Undergrad: 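The structure's right below; bear with me while I get my questions together.
Bear in mind that the values here come from a model prediction, so they are computed numbers and not experimental data.
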Amino acid sequence: MMNYQQTLDFLYSKLPMFTRIGASAFKKDLTNTIALCEAIDNPQTKFKTIHVAGTNGKGSTSHMLASVLQAQGYKTGLYTSPHLKDFRERIRINGKMMSKTEVCSFVQQQKQLIEQIEPSFFEVTVAMAFDHFARHEVDVAVIEVGLGGRLDSTNIITPEISVITNISIDHTNMLGNTLTEIAGEKAGIIKKNIPAVIGETQSESRLVFINKAKEMNASIVFADQQLNAKDINIKNGKLSLSVYQNNNLKYNKLQSDLTGIYQPKNILTVLEALEVLNQKTQLKISIESIFKGLKQVKKRTGLQGRWQTLGKNPLVICDTGHNEAGIAEVVKNISLTPHKNLHMVFGMVKDKDISKVLSILPKKATYYFCKPDLERGLAVNELQQQAISFGLQGNTFNSVAEAKAEALSKAMKEDLVFIGGSTFVVAESI
């Protein structure tokens with residue numbers, strides 16, 4: 001039998017993997033996933049699910065929902081991607097990663113099937129997650145979409161509700177070039193008679209979602225039209241906010257350990273999703289569990305990389321935001337964080353809208369350009385050349401680790417070192 005490392009090598013080397021090679025690993029239909037799951041007795045039908053899509057915020061939203069469900073006492077599965085450090089971060093139950101032994105035995109048992117179907121890495125991982133959740137008899141699993149929605153491997157589930165956080169430009173080579181086209185792909189998770197919750201109302205996508213919901217006879221609600229957040233403040237590693245519905249205080253001084261200034265949007269999406277679960281499904285969640293679950297998301301679910309503090313004096317913070325909208329939020333967070341000089345350890349992958357991202361980065365900063373260690377990584381000299389044209393100054397480094405080490409040696413106590421530009425840069429720095 002293959003050991004854990006050999007099993008991972010088999011998965012990585014044998015199967016086309018989007019994180020490594022990009023668009024060519026993206027399968028355009030659900031055939032493989034359906035075939036894999038049918039061969040293992042359709043595990044995805046054996047537990048309740050919540051489906052979460054969106055360009056930005058779907059990871060944080062999925063983890064928050066899982067944390068609240070756990071606080072309520074539900075045995076909760078959580079499937080997310082990509083992972084930062086360990087493949088098993090993708091598949092958790094009540095915050096605990098799938099064991100190495102179970103990863104090995106799933107692949108061992110399905111090896112012939114995998115060789116016969118030739119699925120992508122993501123397709124196998126989705127089947128593995130569903131199988132794991134079914135075996136452990138979870139009450140409910142939060143399933144984060146990998147890419148898009150309509151053709152994503154996760155889209156073979158019939159969830160209790162479908163949640164879409166927002167739409168912005170990302171993965172244009174696979175999902176379309178306009179927000180309307182991208183919204184069409186995300187809207188593909190809206191199912192017949194299954195309530196849909198949309199996080200943000202955006203002019204380009206609003207009607208796409210409304211029309212899709214109509215076609216599917218699904219109820220639809222926009223979280224930001226139902227709820228609004230006030231008195232937002234961040235101190236001592238906690239975000240605090242109060243949430244109102246039509247000027248009535250609904251949640252007083254809600255706290256979260258996810259302190260990015262973009263998190264209030266995600267929190268409203270989560271609260272509205274929980275409201276709909278309470279009204280329209282058998283899942284019931286108390287106010288007390290909402291407070292408890294949001295307060296300790298990281299502890300309950302193991303979430304990393306979201307405006308995460310890696311060190312103090314100098315303050316070192318990383319964030320996985322990697323497209324224009326995500327980086328805009330990062331820049332806002334940086335401006336709200338007291339610091340003297342700013343040091344930016346920055347790298348990207350090739351299939352992003354690089355110039356859009358570079359155009360909004362702070363010019364008053366020293367940059368440490370690096371390339372994440374994968375085939376899709378953007379060559380560091382190319383990144384530097386493009387950055388110079390936007391007035392961003394800095395040196396290039398051979399690795400994320402070198403860039404980070406240099407930034408730390410240059411930074412004074414009251415400076416801020418930011419690490420990001422790509423999920424994979426963050427993964428190498430944590």
Undergrad: Please check if any side-chain donor atom of T55 sits under 3.5 Å from a side-chain acceptor atom of N323, or the reverse.
TA: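 On atom types as modelled, these side chains do not qualify, holding no pair under 3.5 Å.
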
Undergrad: Output the distance between atom OG1 (T366) and atom CG (L392), rounded to the nearest 0.5 Å.
TA: 11.0 Å

Undergrad: Could you check whether Y244 and N252, counting side-chain N and O atoms only, form a donor-acceptor pair closer than 3.5 Å?
TA: no

Undergrad: For residues M348 and V357, determine if any side-chain heavy atom of one lies less than 4.5 Å from a side-chain heavy atom of the other.
TA: yes

Undergrad: What I want to check is whether the side chains of N32 and E123 have a donor and an acceptor closer together than 3.5 Å.
TA: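 There is such a pair between these side chains.
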
Undergrad: Strictly by modelled atom types, are E102 and H136 linked by a side-chain donor-acceptor pair under 3.5 Å?
TA: yes

Undergrad: Take E275 and K280, measure what salt bridge (Lys or Arg N to Asp or Glu O under 4.0 Å) needs, and give me the verdict at the end.
TA: CA-CA 9 Å; E275 185 77 17; K280 301 191 179 233; over 6 Å; no

Undergrad: List the steps, then state whether side chain to side chain contact (heavy atoms under 4.5 Å, CB included) holds for Y262 with N56.
TA: CA-CA 10 Å; Y262 50 82; N56 294 311; over 6 Å; no

Undergrad: Counting heavy atoms not belonging to Q279, are there more than 12 under 6.0 Å from its CD?
TA: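 Above 12, so yes.
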
Undergrad: Just by distance, no angles: are the side chains of S240 and Q255 close enough, under 3.5 Å, to form a donor-acceptor pair?
TA: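 Side chains of S240 and Q255: no pair found under 3.5 Å.
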
Undergrad: Show the numbers, then the answer: is there a salt bridge (Lys or Arg N to Asp or Glu O under 4.0 Å) between E185 and R150?
TA: CA-CA 5 Å; E185 289 299 315; R150 184 172 65 92; 3.0 Å; yes

Undergrad: Among side-chain atoms of N333 and E329, is any donor-acceptor pair under 3.5 angstrom?
TA: no

Undergrad: Taking C-beta and beyond as the side chain, do I419 and V316 meet within less than 4.5 Å on heavy atoms?
TA: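 Yes - at least one pair of side-chain heavy atoms lies under 4.5 Å apart.
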
Undergrad: Could you tell me if the side chain of V126 sits less than 4.5 Å from the side chain of L36, heavy atoms only?
TA: no

Undergrad: Taking side chain as C-beta onward, heavy atoms only, is H339 less than 4.5 Å from I334?
TA: yes

Undergrad: Using distance alone, with no hydrogens and no angle criterion, decide if Q263 and N266 have a side-chain donor and acceptor under 3.5 Å apart.
TA: yes

Undergrad: May I ask you to decide if V330's main-chain N or O and D319's side chain share a donor-acceptor pair within less than 3.5 Å?
TA: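 Between the backbone of V330 and the side chain of D319 there is no qualifying donor-acceptor contact (under 3.5 Å).
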
Undergrad: Taking the six-membered ring of Y79 as reference, does the cationic atom of R92 (NZ for Lys, CZ for Arg) lie under 6.0 Å from its centre and within 45° of its axis?
TA: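 So R92 doesn't make the cation-pi contact.
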
Undergrad: For F121 together with Y12, are the ring centres under 6.0 Å from each other?
TA: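 Ring centres of F121 and Y12 closer than 6.0 Å.
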
Undergrad: Counting C-beta onward and ignoring hydrogens, is there a side-chain heavy-atom pair between Q304 and I430 closer than 4.5 Å?
TA: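 Contact flag for Q304/I430 side chains = yes.
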
Undergrad: Judged by modelled atom types alone, do N155 and K191 share a side-chain donor-acceptor pair under 3.5 Å?
TA: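 Side-chain D/A pair, N155 to K191: present.
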
Undergrad: Do S286 and Q72 meet the criterion of a side-chain donor-acceptor pair at a distance under 3.5 Å?
TA: yes

Undergrad: Got more than 12 heavy atoms from elsewhere within 6.0 Å of NZ, K295?
TA: no

